[in-house]
Amino acid sequence: MFRCMLVRSSSSAKQSLMRRNLSSGSVPERKVAILGAAGGIGQPLALLMKLNPLVSSLSLYDIANTPGVAADVGHINTRSEVVGYMGDDNLAKALEGADLVIIPAGVPRKPGMTRDDLFNINAGIVKNLCSAIAKYCPHALVNMISNPVNSTVPIAAEIFKKAGMYDEKKLFGVTTLDVVRAKTFYAGKANVPVAEVNVPVIGGHAGVTILPLFSQATPQANLSGDVLTALTKRTQDGGTEVVEAKAGKGSATLSMAYAGALFADACLKGLNGVPDVVECSYVQSTITELPFFASKVRLGKNGVEEVLDLGPLSDFEKEGLEALKPELKSSIEKGVKFANQ
Ligand SMILES: NC(=O)C1=CN([C@@H]2O[C@H](COP(=O)(O)OP(=O)(O)OC[C@H]3O[C@@H](n4cnc5c(N)ncnc54)[C@H](O)[C@@H]3O)[C@@H](O)[C@H]2O)C=CC1
Ligand SMILES: O=C([O-])CC(=O)C(=O)O
């Protein structure tokens, strides 16, 4: 009875909002698509997004193996409906109506490779997927995980510009794993509870372009210069540490799925109007002279609400910032050039 009265007296937009609220206890409906969902990151990420109560529809796309992943994850008794889509012909359906698209599609590193060595294969994959996003869900937020992130995000921006739908507020390079690592390593050295630790990580997502700001870490700890240098290096080399430990069987997948799920959750909270959601991400930026830069970002109903200042840097961090700029600049230019050739 209550439901009928509400529906009859409202505009169609309001009606659909109310239907959503009625059916899901005031949590809006949100479709999340994962592209590369059958991969090393994609599978645990699909699991974690299935556990997220903010998701109502989970769309799992890959060029292979998605029916099995979708059937498996789909048996979990949580809110979202799960559908698996396989192959190019089904990409449109996977994307239609998506609020958030997460992209862990592409090849991972083997020992001895840099992230840039993945460019030749992954740039083309990202280009094709972003062309489809432009066509089928142009208003979605995009979380780019595929490496080299320093170049794949500029590629996505250029593809979106060409399609005439680029909104810089909606494109994110996922650098959350750098923050996750910095927190873990710092907590170990500072001997503080890891759950209380916060460390911003700025710059980009490869080697020296990853710059953790331990001078801003909380809870504060009085660590020596040598320890801070070692912590910085370990954070910058965190990906390589995993690649070497996996000895040819890929790169970080489980910690990345955790980090990707954390960042996606922050994006969904922002979309839903939760105030003061702040995470580090590699976004279009004017806080340095580089057109893309990772820093703290406030998330809101339209994606990036504000790119936050870097705050005070130690002399060591100021040097690190200057040192990372040439590599980051050239990775950005490489991506832009590729997308426009
Ligand atoms: N941003 C970050 O912090 C991190 C990024 N990565 C990157 O994530 C990417 C994926 O890594 P993994 O999951 O370990 O690799 P994986 O090889 O296990 O999985 C990749 C998946 O992408 C799929 N794929 C390939 N081409 C596709 C296309 N055109 N459309 C849809 N799916 C496609 C494959 O079928 C496969 O299932 C790599 O580029 C890796 O370097 C990995 C860890 C951290
Ligand atoms: O190191 C890699 O190739 C994967 C990655 O980006 C990370 O683990 O941070």
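Atoms within a ligand are numbered from 1 in the order they appear, just like the ligands themselves.
Taking only nitrogen or oxygen atoms, main chain and side chain alike, Asn147 reaches within less than 3.5 Å of ligand 1. Between Met256 and ligand 1, a contact under 3.5 Å exists for no N or O pair. Polar contact with ligand 1: present for His205 (N/O pair, distance under 3.5 Å). Considering backbone and side-chain N/O of Gly106, one or more are found under 3.5 Å from N/O of ligand 1. Of the N or O atoms in Gly40, one or more lie within a sub-3.5 Å distance of an N or O in ligand 1. Between Arg109 and ligand 1, not a single N/O pair is under 3.5 Å apart. For ligand 2, the polar-atom distance check finds an N/O of Arg109 within less than 3.5 Å of one of the ligand's N/O atoms.
The protein heavy-atom contact nearest to atom 8 (O) of ligand 1 is Ile41 CD1, 3.3 Å. Here the protein heavy atom with the shortest distance to atom 19 (O) of ligand 1 is Gly39 CA, 3.2 Å.
Here Arg181 has side-chain heavy atoms under 4.0 Å from ligand 2, and that is the only part of it that gets that close. Under 4.0 angstrom from ligand 2, the non-hydrogen atoms of Asn147 all belong to its side chain. Contact annotation: for Met144 versus ligand 1, there are no heavy atoms closer than 4.0 Å.
Heavy-atom contacts of Gly239 reach the following atoms of ligand 2: 1 (O), 7 (C), 8 (O), 9 (O) (cutoff under 4.0 Å). Those atoms of ligand 2 with a heavy atom of Ala252 less than 4.0 angstrom away are 8 (O).
How far OG1 of Thr235 is from CD1 of Ile210: 8.0 Å, rounded to the nearest 0.5 Å.
Using a 30° and 60° split on the angle between ring planes, Phe214 and Tyr186 fall in the parallel class, below 30°.
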